[in-house]
Amino acid sequence: MTQNYEDFSKFGKEFADTGLTSLASFSKGAQTLAVEASDYTKKSFENGSAFVEKLLSAKSFENAIEIQTDYVKQSYESFVAEATRFGELYADLARDAYKPFESLVAKAK
């Protein structure tokens, strides 16, 4: 009976340590996501400001349409690239947060 208690106690300590390791990985990943979101927002704002300046300096209606078309194309491509990047970051976050528990799951089986 004492052996069972010691095994259970050891498993509990390992689980707690693993949880803390996982939380640290999750925190690091969340911080990375926040930095990426902040950088993307800043770039988008700068690109939008540059677009308005270009649009206001357009010489003709055709030139304004061309500037707007280029801006929309660039914005779409930037959004798709950033969405892909965020998807990868979320996948990495989940993988890194789960990784410490892999050994415990294997031991439990």
Side-chain angles (χ1 to χ4, degrees):
M1 173 116 171
T2 306
Q3 183 63 32
N4 288 340
Y5 175 77
E6 288 174 5
D7 290 343
F8 184 73
S9 177
K10 182 181 175 187
F11 183 76
K13 183 182 179 323
E14 287 178 15
F15 186 79
D17 290 344
T18 301
L20 290 173
T21 303
S22 177
L23 184 62
S25 295
F26 183 82
S27 177
K28 182 181 174 191
Q31 187 176 24
T32 301
L33 285 166
V35 168
E36 283 288 325
S38 174
D39 289 347
Y40 177 68
T41 302
K42 182 180 176 185
K43 282 187 242 176
S44 293
F45 182 77
E46 289 170 354
N47 290 341
S49 297
F51 161 70
V52 170
E53 287 179 18
K54 277 182 160 179
L55 192 60
L56 292 175
S57 68
K59 306 267 190 253
S60 66
F61 181 72
E62 289 81 18
N63 185 249
I65 296 297
E66 182 180 321
I67 291 169
Q68 184 177 10
T69 302
D70 290 343
Y71 174 72
V72 169
K73 181 180 176 188
Q74 175 197 11
S75 294
Y76 175 75
E77 289 172 354
S78 175
F79 172 76
V80 169
E82 203 63 32
T84 302
R85 174 83 174 123
F86 271 97
E88 292 169 356
L89 288 173
Y90 275 111
D92 290 346
L93 172 68
R95 188 175 22 260
D96 290 345
Y98 175 72
K99 189 175 278 190
F101 290 104
E102 288 176 344
S103 63
L104 285 179
V105 171
K107 285 180 184 179
K109 289 182 179 181

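Side chains included, hydrogens not; waters and symmetry mates left out as well; all remaining heavy atoms used. Owing to the predicted nature of the structure, the values given are computational and were not obtained by experimental measurement.
A side-chain donor-acceptor contact under 3.5 Å links T69 to the backbone of I65. Formation of a donor-acceptor pair under 3.5 Å by the S27 side chain with backbone atoms of L23 is not found in this model.
Y40 and L33 sit in two unconnected hydrophobic clusters of ILVMFWY residues. Membership requires side-chain heavy atoms under 4.5 Å apart, directly or through other members.
With rounding to the nearest 0.5 Å, the separation of OG1 in T32 from CZ in F86 is 10.5 Å. How far CG of D96 is from OG1 of T21: 12.0 Å, rounded to the nearest 0.5 Å. Atom NZ in K99 sits 9.5 Å away from atom CG in D92 (nearest 0.5 Å). Going from atom OG of S38 over to atom NZ of K43 covers 10.5 Å, rounded to the nearest 0.5 Å.
Of all the heavy atoms in Y71 and G48, the pair that sits closest is OH-CA, 3.7 Å.
In this structure the side chain of S44 never reaches within 4.5 angstrom of the side chain of F79, judged on heavy atoms. Within the 4.5 Å cutoff, side-chain heavy atoms of F51 are placed close to those of Q68. Between V52 and S49, the closest side-chain pair of non-hydrogen atoms is not below 4.5 Å.
Look at D39 and K42 and you find no salt bridge, because none of the NZ, NE, NH1 or NH2 atoms lies under 4.0 Å from a carboxylate O.
The number of heavy atoms from other shown groups lying within 6.0 Å of CD (Q31) does not exceed 12.
For the side-chain contact (heavy atoms from CB on, under 4.5 Å) test with I67, the passing option among K54, E53, E62 is K54; the others fail.
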